[in-house]
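Whatever order the structure lists ligands and atoms in, that order sets their numbers, starting from 1.
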Amino acid sequence: MAQRLLSPSNRSSARLAFLLTVSLSCTYLCYSILFCRSTVMTRRAYEGKKCQQNQNAAGKKLLGRADVCASLEVRTAAEERGSGGQRGDAASSGSLWVDTKLRNTSVAQKYGNKKLPNALIVGVKKGGTRAVLEFIRIHPDVRALGTEPHFFDRNYDRGLDWYRGLMPRTLDSQITLEKTPSYFVTREAPRRIASMSQETKLIVVVRNPVTRAISDYTQTLSKKPDIPTFEDLAFKNRSLGLVDSVLERHPDRNMHFVSGERLITDPAGEMGRVQDFLGLKRIISEKHFYFNRTKGFPCLKKPESSSQPRCLGKSKGRTHVQIEREVIEQLREFYRPFNIKFYETVGQDFKWD
Ligand SMILES: Nc1ncnc2c1ncn2[C@@H]1O[C@H](COP(=O)(O)OS(=O)(=O)O)[C@@H](OP(=O)(O)O)[C@H]1O
């Protein structure tokens, strides 16, 4: 009816307008299909978004996607570290390594598995074991148990499943670590550790035995004020701890000695060697430490659990009880032959004399 009312020239104009509208619509549709998805949302971002959505989905569905999401996150973290390296160790600067650590930790907590530890800090008591644990756990590829599980000494009867259950969730690309200094003085520990795995890497933080003994005595005295005098207790240790028997069972390369003294004067240097030993990329460096004058020790600019600088607790770096000079001299003489034997055994001079 409308067509009949239009003049022939108007009718051809209307047809032209209709054709133009259709062709414009088709062009827009094709453009959207071809380009829109790749420009508005890159594949990575798209996958990431899908992961986020799936995290909210029901448990079973989420398990099915877990490996994809986890590997996506780890790949992204690794890429960031890689590109940081090109920018001159920028991986460890600013917020990048903190972001990577936080991301890896949260991904590990969601998608990781509980694994038996790949590495143990086995001693020595008062050597600086807590410092090594707190320093190494800021590495994005390390997951560490904060408390001491005492598995190879007090809790061995509970079995490996119990031990595994204590561990933090860890991704395949990360290593699991725990510290219990008393393993070093537990006769059965080397055999038990070797029977779990010959591959377990052992870290021993060593310290001048005279200072270590005074530190140990200071701590014990703070808990039990009526213990015998230092002199009565100090001259009883006649062994190299478990170094001999551990070395018998563990290949040399699976044991690393950290100098407790250098850990204080050059934490980045000592931690560099720890990272090498654990097969980790050197990420922890000078940039992660500052010297806290009040504490009198190096502290972390950004520890694992926080973005605020933090020093170790009050029980680390305590003022030692006063021991008579003469007793200290006697103790130095007492330890001298053991020190020499120790240097020979491990092939390193810790310069305690
Ligand atoms: N950065 C930093 N901050 C604080 N303290 C540090 C640090 N690095 C090493 N140390 C030394 O660590 C000593 C405590 O050793 P451990 O952690 O092995 O003690 S424990 O066996 O777990 O109780 C502790 O011994 P004391 O000084 O005798 O308290 C410290 O000397």
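Note on residues 106-178: no pairs pass disulfide bond (SG atoms under 2.5 Å apart), not counting sequence neighbours. Pairs engaging residues 295-323 under the ring-ring contact (aromatic ring centres under 6.0 Å, His included) rule: none recorded [sequence neighbours left out].
Among protein residues, Val124, Lys125, Lys126, Gly127, Gly128, Thr129, Arg130, Ala131, Phe135, Glu148, Lys179, Pro181, Arg207, Ser215, Gln219, Ile264, Phe297, Pro298, Leu312, Ser315, Lys316, Gly317, Arg318, His320 come within 4.0 Å of ligand 1, judged on heavy atoms.
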Can you give the donor-acceptor pairs under 3.5 Å from side chains of residues 202-211 to other protein atoms, not counting sequence neighbours?
from   : atom 1 : to     : atom 2 : distance (Å)
Arg207 : NH1    : Lys126 : O      : 2.6
Asn208 : OD1    : Val210 : N      : 2.9
Asn208 : ND2    : Trp352 : O      : 3.4

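Remark: Glu188 does not engage Arg191 in a salt bridge, criterion side-chain N to carboxylate O under 4.0 Å.
Ile340 and Phe342 end up in different hydrophobic clusters when Ile, Leu, Val, Met, Phe, Trp and Tyr side chains are linked at under 4.5 Å.
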*Show your working on side chain to side chain donor-acceptor pair (under 3.5 Å) between Arg336 and Asn339 and close with a plain yes or no.*
CA-CA 5 Å; Arg336 204 182 306 278; Asn339 290 348; over 6 Å; no
